[in-house]
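Notes to accompany the following structure.
Counting begins at 1 with the first residue of the sequence.
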Amino acid sequence: MGCGGDLPDEGAPTGLAQEPTLAPESPVTQEAFCPPTAAATQRVKTILPPSELGIPRFAAAPNNFEDFQGVLHFAVNYEDGRRALWRSTGTDAGTTEVRSFPVTTGGFGATVNSLTATPSQLFFQAPDATRGQELWVSNGTTAGTRLVKDLTPGVEGSFLTHLTAVGNDVVFFREVFDEVASATRFELWRSDGTDAGTVRLRDFGTTVDVSFLDARVGGALLFFVREQAGATSLWRTNGTASGTVQLRRLDAGPDTYPIDLRASGTLALFSLQESSGLTELWKSDGTAGGTVRLASFGASRAVRILGALGTSAYVTTTSFSTQYMVIYRVPLAGGNPTPVVTLPNDFAAQGAAFPSIGAVSSAPGGRRIYFAVNIGSDGPAPRDTQLWVTNGTAAGTTLLRRPLSLSDEYGSPVYAVADNLVYFSAPDSDGDNIEPWVSNGTAAGTRRLKDIAPPTVGGTSYPRDFLRVGDRVYFSAFDETEAGQLWSSALSNTCVAPEEAL
């Protein structure tokens with residue numbers, strides 16, 4: 001099957017699949033944390049005024065969290081159009097504005113965004129009244145925050161994507177609409193934070209598309225280039241012209257698209273969808289020789305990538321006819337995929353109940369993958385949402401919580417800090433009051449972390465943007481201030497009884 005073909009169609013689950021023998025793993029020391037407490041989860045600072053939108057899930061909140069030199073940096077895009085770069089050490093006094101940007105007429109996307117840290121500098125995009133949205137850089141101080149280069153002179157600004165740290169520099173794409181060709185031109189750039197050191201590496205022209213999917217592997221950016229009448233290719237750049245190369249031509253068909261990409265340690269796992277419906281699973285270590293097709297799955301199922309654990313990749317396949325999802329193990333060294341377990345679907349017989357993968361997360365070097373499963377419905381909102389964990393075995397694949405968010409406008413984030421600690425959001429047993437939750441990877445150890453939003457503001461905090469920086473996990477949440485604010489949860493190796501329970 002590793003060379004193509006289809007798998008037998010998956011029907012209703014008849015029990016766990018037979019367990020293949022796993023190769024022994026080399027011992028790796030993993031971080032472990034005690035269950036975080038409600039008392040150690042507090043608002044860091046009131047930054048935003050009460051929202052004027054009247055809809056908590058759409059209210060402005062701190063976002064674009066980034067760890068720069070061990071300090072949280074983030075964007076605040078106010079509802080009145082003001083923009084700002086902030087930083088926080090986890091205390092009220094240590095949470096300060098780095099640089100503000102006045103209200104502009106830059107239009108959609110004119111925000112502080114794309115925070116990208118290198119060892120010595122923090123790059124980001126921000127709007128300017130006279131130069132539009134452009135690339136900025138900061139050393140974490142107000143005086144050291146400045147415009148890098150006016151790439152598109154005038155108030156129009158630049159449309160920059162794929163901002164990625166490569167060593168002490170960043171690489172990115174500048175997309176420009178070419179009026180003569182009536183198409184988008186894709187230009188690859190590199191910046192060291194200076195005007196002179198911000199240069200174009202390659203002009204890909206207007207006859208190709210650059211996919212929004214990318215991954216940072218081996219100190220380089222991997223990205224896909226698709227010829228409009230030809231092949232899809234995987235490229236790599238290390239921030240130099242000579243180091244910007246095509247790794248492999250992946251398929252010659254004009255209707256082949258990359259549909260999924262997940263960086264997992266030193267590898268990138270990605271899938272290609274062909275016009276026949278065939279889905280190919282690939283791996284790449286950032287070299288031509290290390291870019292290899294692992295398996296092919298037929299047109300009767302949808303395939304999504306979970307990630308890699310040890311010597312195997314893990315994917316889910318969902319049958320279009322039976323509406324059951326199966327986890328498969330795919331050897332990274334080559335070989336046939338093996339079914340691990342079929343996940344239950346209580347609504348499969350009712351129709352319009354197709355399972356799909358939501359948020360996925362695993363700790364660096366971890367032995368578990370946490371993932372959300374959404375069961376579809378006749379409308380835009382899912383009829384069921386679930387949090388699962390797997391260690392790559394049937395016995396180690398466990399349902400942790402259902403439901404998660406049942407909204408079509410807010411999906412529950414999933415953020416693994418360690419193998420034994422994952423943050424996510426979920427409602428109470430009635431499906432209301434979405435708040436931050438935590439789990440140690442077992443159903444018994446899954447509980448609400450803190451009830452943040454009181455009934456006076458709707459009882460739902462809509463937590464977002466979980467990120468660990470040092471000994472804290474930061475996130476934003478809508479609270480009694482009637483706005484999205486910065487919150488943090490302190491991590492500890494000293495265990496105390498949790499205040500919240502299921």
Side-chain angles (χ1 to χ4, degrees), residues 1-3 7 16-33 215-220 222 234 260-271 279-287 289-297 303-317 325-343 357-373 387-400 414-422 439-442 445 468:
M1 207 289 298
C3 294
L7 300 171
L16 302 180
Q18 182 178 358
E19 278 297 298
T21 301
L22 295 180
E25 302 285 357
S26 58
V28 178
T29 301
Q30 299 292 334
E31 284 187 292
F33 295 100
R216 185 178 182 274
V217 173
L222 304 187
L234 181 66
D260 208 2
L261 174 67
R262 194 168 304 282
S264 192
T266 59
L267 285 177
L269 300 172
F270 62 92
S271 60
T279 301
E280 298 180 348
L281 175 68
W282 289 71
K283 71 172 182 178
S284 180
D285 62 1
T287 69
T291 302
V292 179
R293 187 177 67 172
L294 296 175
S296 297
F297 298 87
V303 180
R304 287 294 307 273
I305 298 170
L306 292 180
L309 296 174
T311 59
S312 300
Y314 291 87
V315 303
T316 63
T317 71
M325 177 180 286
V326 179
I327 297 177
Y328 273 86
R329 177 186 298 113
V330 184
L332 289 170
N336 290 334
T338 306
V340 175
V341 64
T342 300
L343 302 185
I357 295 295
V360 179
S361 183
S362 59
R367 300 279 181 82
R368 291 176 171 179
I369 300 173
Y370 294 87
F371 60 99
V373 175
L387 178 65
W388 288 78
V389 63
T390 185
N391 64 359
T393 70
T397 302
T398 304
L399 174 64
L400 298 178
V414 177
Y415 180 70
V417 178
D419 269 357
N420 77 326
L421 181 59
V422 61
S439 176
N440 65 359
T442 68
R468 178 190 174 186

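A heavy-atom distance below 4.5 Å is found between the side chains of L332 and L294. No side-chain heavy atom of L387 sits under 4.5 Å from any side-chain heavy atom of L399. Using a 4.5 Å heavy-atom threshold, the side chains of F297 and P337 count as touching. Side-chain contact between F33 and V417: present, with at least one pair of heavy atoms (C-beta onward) separated by less than 4.5 Å. Under the 4.5 Å side-chain criterion, counting only non-hydrogen atoms from C-beta, T398 is not in contact with T442. Looking at heavy atoms from C-beta onward, L343 lies in side-chain contact with T397 at the 4.5 angstrom threshold. Side-chain contact between V422 and S361 is absent, with no heavy atoms from C-beta onward closer than 4.5 Å. Residues I327 and F371 form a side-chain contact, since some pair of their non-hydrogen atoms from C-beta on lies under 4.5 Å apart.
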Could you please spell out the steps behind the side chain to side chain contact (heavy atoms under 4.5 Å, CB included) verdict for L281 and V303? CA-CA 9 Å; L281 175 68; V303 180; 6.0 Å; no
Going through the checks in order, is the side chain to side chain contact (heavy atoms under 4.5 Å, CB included) test met by T266 and D285? CA-CA 6 Å; T266 59; D285 62 1; 5.9 Å; no
Between L306 and V315, does a side chain to side chain contact (heavy atoms under 4.5 Å, CB included) hold up when you go through it step by step? CA-CA 5 Å; L306 292 180; V315 303; over 6 Å; no
When you look at S284 and L234, which way does the side chain to side chain contact (heavy atoms under 4.5 Å, CB included) test go after all the steps? CA-CA 9 Å; S284 180; L234 181 66; 3.6 Å; yes
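Separating the CG atom in D419 from the CG atom in N391 is a distance of 9.0 Å, to the nearest 0.5 Å. With rounding to the nearest 0.5 angstrom, the CD atom of E31 is 10.0 Å from the CG atom of L421. Rounded to the nearest 0.5 Å, atoms NZ (K283) and CG (L267) are 6.5 Å apart.
Scanning both residues, A295 and V330, for their nearest heavy atoms gives CB-CG1, 4.2 Å.
Panel note: side chain T291, backbone T287; a donor-acceptor pair is recorded below 3.5 Å.
Here D260 pairs with R304 in a salt bridge; the nearest charged N to carboxylate O distance falls below 4.0 Å.
Ring pair F270/W282 is parallel by interplanar angle, where below 30° counts as parallel and above 60° as perpendicular.
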